[in-house]
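Here's the structure we're looking at; comments come further down.
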Amino acid sequence: MSASHLPPTPRISPATAAAFGPEFVWGVATSAFQIEGANATDGRGPSIWDTFCRQPGVIADGSDGSIACDHYHRLEQDLDLIASLGVDAYRFSVAWPRVQPLGQGAWNPAGLAFYDRLVDGLLARGIQPYLTLNHWDLPEALQTEGGWVNRATVGHFVDYARGIARHFGDRVGSITTHNEPWVIAMLGHETGVFAPGVRHRASAIQVAHHLLLSHGLALQALRADGCRALLGIVLNLAPIHPASAKAADQQVARIEDGRLLRWFMDPLFRACYPEDVVAWLGSDAPQIEPGDLAAIATPLDFLGVNYYSRSVVSADGPVDAGTLGHALTEMGWEVYPEGLTELLQRLHQDYPVPPLYVTENGGAFQDQHIGERVADPERCDYIARHIEAVALAIRRGVPMAGYMVWSLLDNFEWASGYQKRFGIVHVDYSTQQRTCKDSALWYRDFLRSQRPGRAA
Ligand code: FCB
């Protein structure tokens, strides 16, 4: 492949560039298990993902997170890399088993010290730390007691949240309770393709309820403690389109929308679960105790939305994204930026939402190595088109506060292992060398144009 075969670098329209105010937060995102490695170092306890990776056949390339991007040992270099992009914020997660190895009780000073260096290193570089408490790596010790199926985990999470907020709360811009509770519940406990690998629908629904409850109770506890960081949750959301106007297809789309979006948005913003989904679940509906729904609806300072694609469904099941006429990513996900505008507008119209962030957006694509250069024209195009989609939502009145690319680095993509690369920075896993792809340089240049006068 030579450079002359590459498509031109995408340009952002003047209308888009003008849509983002000076307060708009631009960032990049990662999560602990996907990049840190060092999963038995300095007192870190095992997480459910360490255990899950050891099951034969569950990770596409048989890999695990034991080394990943070795971020734990390359923190300073990675902080410099983040700063070189000129972002306003860095979204990362704390590995609960690194700071509280058993998920309750004793704290691990070495684990806290790592995140002290991370947070202070970001602040020293003028970057806002955006901290996520739970990006899926539950301490294994809690899983042996039932994990998120067990209501006792709610209390342990609130204690963990309170400990982290007391330690870091005055130094981070925001604290997110959970990343993508739908994924933890459904992929972790219904289909079982993610940790902890349970396949039991009633458990999955109970897990979703416990995640939401622990979120609401954690917000109340942190506010009672006087935590100054903005507090919120991050949901994976998407438009669910029916394959046709047939009533059966419409009905399936409505239920799937209920399971993905309304199951989380209704309790968070209306203190109730959607009745059609409760009826559809029958005896798998969750056990709810008095006061739970009011706690879940504790007001949010922000809502994070992770957006990658839409779904098209029919009464016969999900429609193959390859038949929809749009480009696909390496994950087989349809490139559909219109869906992001549609989704953000719908959230704004249907719910009394606080400021919204796109907390993840990006794609796995094949990189092209041209000498020292790593060209990724499809990712550049993907990111540019989704930034255009956010701008359109802003112009239509949606209260958008920020946008974060997933991901800073190529990393451990869960059940796909290291085969799928989402990074705007390439990682050579044999040397751990980082190389900015064209998309990282494009994003840096775009941010410079948004922030004339800002160093980086
Ligand atoms: C999201 C996850 C994130 C990453 C992207 C591709 O569901 O939050 O960790 O794996 O998908």
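Remember, predicted model here, so these are calculated numbers, not experimental data. Note that ligands are numbered from 1 as they come in the structure, with each ligand's atoms numbered from 1 the same way.
For Trp136 and Phe194, the gap between ring centers is short of 6.0 Å.
Note that Arg379 lies outside the cation-pi zone of Phe365, set by a 6.0 Å cut-off to the ring centre and a 45° limit from the axis. Under the 6.0 Å distance and 45° angle rule, Arg444 does not count as a cation-pi partner of Trp26.
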Under 3.5 Å, which donor-acceptor pairs do the side chains of residues 55-62 form with other protein atoms, sequence neighbours left out?
unit_1	atom_1	unit_2	atom_2	d
Asp61	OD1	Ser63	N	3.1
Asp61	OD1	Ser63	OG	2.5
Asp61	OD2	Tyr418	N	2.8

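In this structure, Trp49 and Phe33 have tilted ring planes: the angle between them lies in the 30° to 60° band.
Using modelled atom types, one finds no donor on one side chain facing an acceptor on the other under 3.5 Å when comparing Ser66 with Asn39.
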Output block, N or O contacts of ligand 1, threshold 3.5 Å exclusive:
unit_1	atom_1	unit_2	atom_2	d
ligand 1	7 (O)	Glu180	OE1	2.5
ligand 1	7 (O)	Glu180	OE2	3.0
ligand 1	8 (O)	His135	NE2	3.3
ligand 1	8 (O)	Asn179	ND2	2.9
ligand 1	8 (O)	Glu180	OE1	3.3
ligand 1	8 (O)	Glu180	OE2	3.4
ligand 1	8 (O)	Glu360	OE1	3.1
ligand 1	8 (O)	Glu360	OE2	2.9
ligand 1	9 (O)	Gln34	OE1	2.7
ligand 1	9 (O)	His135	NE2	2.8
ligand 1	9 (O)	Trp414	NE1	3.0
ligand 1	10 (O)	Gln34	NE2	3.4
ligand 1	10 (O)	Glu413	OE1	2.7
ligand 1	10 (O)	Glu413	OE2	3.2
ligand 1	10 (O)	Trp414	NE1	2.9

